Structures are given as C-alpha cells and as structure tokens.
Chemist: 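Encoded as structure tokens, here's the structure I'll be asking about.
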Amino acid sequence: MLLTAKIIIAIVAILHGYFLWLEMFAWTTRARKVFRNFPSDLFEPTKSMAANQGLYNGFLAAGLIWSLLIKDTVWQVNVGLFFLGCVIIAGIYGAFSVSRKIFMVQAIPALMGFVLLLTTAYSS
C-alpha cells in the first residue's frame, strides 16, 4: 500500500509541475485552451499573477518529490502528509473561490494519497 501512496504522490507532483508550466510559461498560449471560461482578454493582464501562482504550484511539486526521496520512513511520511495536506487545502479553497472542478482535479488525488499514506504509516 505504501507503493500505491508513493505512486499517487508522484502523480500529484506531476500535476503540480504541469500547473507550474501552464501558469508560468504557457499562460497566454496553452492556458487559453485549458481555461475556456476565463475571459480571453484577461490572460495578458494577469500573466504575472498566474506566474506567481505557478511558482507556488512548483513549490508543492518540489515538496512532494522531496518526500519521495527521503530515506527515513518517518520523515518521508511526515513530509508527504504535510505537502499533500497543503494541496488538499488549496484544492478546497479553489473549489469554494473559483470552481468545483479544482476540488476534483487537485484535492481528490491528494486526499487519496493522504489517506493511503496515513493508513499505511500508522497501521504497522
């Protein structure tokens, strides 16, 4: 089960790496196709705000990747739980403030990883 939790953590990290790229480097190009409900005339004026948001997503991805590289199991679990918790909170906030879809895309995978990691770590 720990392997499954690690796979989910890796998937969440990849997702946040994608969000980083999309918001920091492709906001005025590819993001227009992804965020179809966002007014097209606002992409250029919000480019720096999106880049800042992308940077935060990059920090989340980096923390999740770091948790996979830690050798000590206790530290690995704790760091993984912390960063997955951050993603869950961001997903909940995004669902309330922007779109429920954010909860599905961001928080649900992180929540799955969180529960798996928690049950695996404290069941033995």
Side-chain angles (χ1 to χ4, degrees):
M1 194 130 70
L2 185 59
L3 178 62
T4 307
K6 288 180 179 184
I7 290 169
I8 292 174
I9 289 171
I11 290 168
V12 173
I14 290 166
L15 274 172
H16 282 273
Y18 172 69
F19 301 152
L20 173 147
W21 171 78
L22 193 63
E23 294 167 344
M24 290 190 81
F25 305 109
W27 185 246
T28 58
T29 56
R30 176 73 178 127
R32 290 177 186 269
K33 294 175 182 123
V34 174
F35 300 105
R36 289 185 208 111
N37 293 338
F38 193 72
S40 61
D41 61 318
L42 292 180
F43 279 96
E44 197 59 48
T46 59
K47 190 175 179 177
S48 63
M49 289 186 341
N52 186 49
Q53 188 171 303
L55 186 62
Y56 285 98
N57 280 307
F59 291 143
L60 291 172
L64 291 166
I65 293 166
W66 174 41
S67 77
L68 296 173
L69 301 175
I70 297 171
K71 300 291 183 211
D72 182 273
T73 308
V74 173
W75 271 99
Q76 184 181 59
V77 168
N78 289 337
V79 171
L81 289 172
F82 173 78
F83 282 99
L84 287 170
C86 290
V87 171
I88 293 165
I89 291 167
I92 292 169
Y93 181 80
F96 281 110
S97 63
V98 180
S99 168
R100 289 185 183 159
K101 185 179 177 183
I102 292 173
F103 183 78
M104 301 303 286
V105 171
Q106 189 171 340
I108 293 290
L111 193 55
M112 289 169 47
F114 191 94
V115 169
L116 271 172
L117 195 57
L118 197 60
T119 55
T120 301
Y122 297 107
S123 65
S124 47

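From a predicted model like this one, the values you see are computed outputs, not experimental measurements. In what follows, every heavy atom counts, from backbone to side chain, and hydrogens, waters and symmetry copies are set aside.
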Chemist: Taking a hydrophobic cluster as the set of Ile, Leu, Val, Met, Phe, Trp and Tyr residues connected by side-chain heavy atoms closer than 4.5 Å, whether directly or through intermediates, do L55 and L15 fall within one such cluster?
Modeler: yes

Chemist: As an exercise, state the distance from CZ of R32 to OG1 of T28, rounded to the nearest 0.5 Å.
Modeler: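 R32 CZ to T28 OG1: 6.0 Å, rounded to 0.5 Å.
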
Chemist: Provide the closest heavy-atom pair for A61 versus A13 in the form atom of the first, atom of the second, distance.
Modeler: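 Closest heavy-atom pair between A61 and A13: CB-O, 3.5 Å.
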
Chemist: Rounded to the nearest 0.5 Å, how far apart are OG1 of T119 and CZ of F114?
Modeler: 10.5 Å

Chemist: Indicate, with yes or no, if L68 and F83 share a hydrophobic cluster defined by side-chain heavy-atom contacts under 4.5 Å among Ile, Leu, Val, Met, Phe, Trp and Tyr.
Modeler: yes

Chemist: Just wondering, do V87 and Q106 contact through their side chains at under 4.5 Å, heavy atoms?
Modeler: yes

Chemist: Any idea which heavy atoms bring I8 and P109 closest together, and the distance?
Modeler: CG2-O, 3.2 Å

Chemist: If you take all heavy atoms of A95 and F103, which pair is closest and at what distance?
Modeler: CB-CB, 3.5 Å

Chemist: Mind checking whether I65 and I9 have side chains closer than 4.5 Å, heavy atoms only?
Modeler: no

Chemist: To the nearest 0.5 angstrom, please state how far the OG1 atom of T46 sits from the CD atom of E23.
Modeler: 10.0 Å

Chemist: Please confirm whether the backbone N or O of K33 pairs with a side-chain atom of R36, one donor and one acceptor, at under 3.5 Å?
Modeler: yes

Chemist: Just how far is it from atom CG of L60 to atom CG of L84, taken to the nearest 0.5 Å?
Modeler: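 So the gap between those two atoms works out to 9.5 Å.
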
Chemist: Does the side chain of F59 come within less than 4.5 Å of L20's, by heavy atoms?
Modeler: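 Not in contact.
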
Chemist: Taking the six-membered ring for Trp, are the ring centroids of W27 and F35 within less than 6.0 Å of each other?
Modeler: yes

Chemist: Determine, using the 4.5 Å side-chain heavy-atom cutoff (strictly less than), whether F82 and W66 are members of one ILVMFWY cluster.
Modeler: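 Yes, F82 connects to W66 through the hydrophobic network.
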
Chemist: Distance check, rounded to the nearest 0.5 Å: K101 atom NZ versus N37 atom CG?
Modeler: 8.5 Å

Chemist: Say you draw a straight line from CD1 of I102 to CZ of F19; how long is it, rounded to the nearest 0.5 Å?
Modeler: 8.5 Å

Chemist: Considering non-hydrogen atoms only, spot the tightest contact between G80 and L64 and give its length.
Modeler: O-CD2, 4.4 Å

Chemist: Would you find a donor on one side and an acceptor on the other, under 3.5 Å apart, between the side chain of N57 and the backbone of Q53?
Modeler: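 Pair found, side chain donor or acceptor close to backbone of Q53.
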
Chemist: For the residue pair G91 and A107, what are the closest heavy atoms and their distance?
Modeler: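 Result for this residue pair: CA-CB, 3.9 Å.
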
Chemist: Quick check: do N52 and Y56 have side-chain heavy atoms less than 4.5 Å from each other?
Modeler: yes

Chemist: Closest heavy-atom contact between T120 and L116?
Modeler: OG1-O, 2.7 Å

Chemist: Transitively linked via ILVMFWY side-chain contacts under 4.5 Å: I70 with L118?
Modeler: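 As far as the 4.5 Å side-chain criterion goes, L118 and I70 are connected within one cluster.
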
Chemist: Honestly curious: do I89 and I108 fall in one hydrophobic cluster under the side-chain, below-4.5 Å linking rule?
Modeler: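 No; I108 is not reachable from I89 via cluster members.
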
Chemist: Just checking Y93: does its OH atom have more than 12 heavy atoms from other residues, nucleotides or ligands closer to it than 6.0 angstrom?
Modeler: no

Chemist: Are any side-chain N or O atoms of R30 and backbone N or O atoms of L22, one a donor and one an acceptor, separated by less than 3.5 Å?
Modeler: no

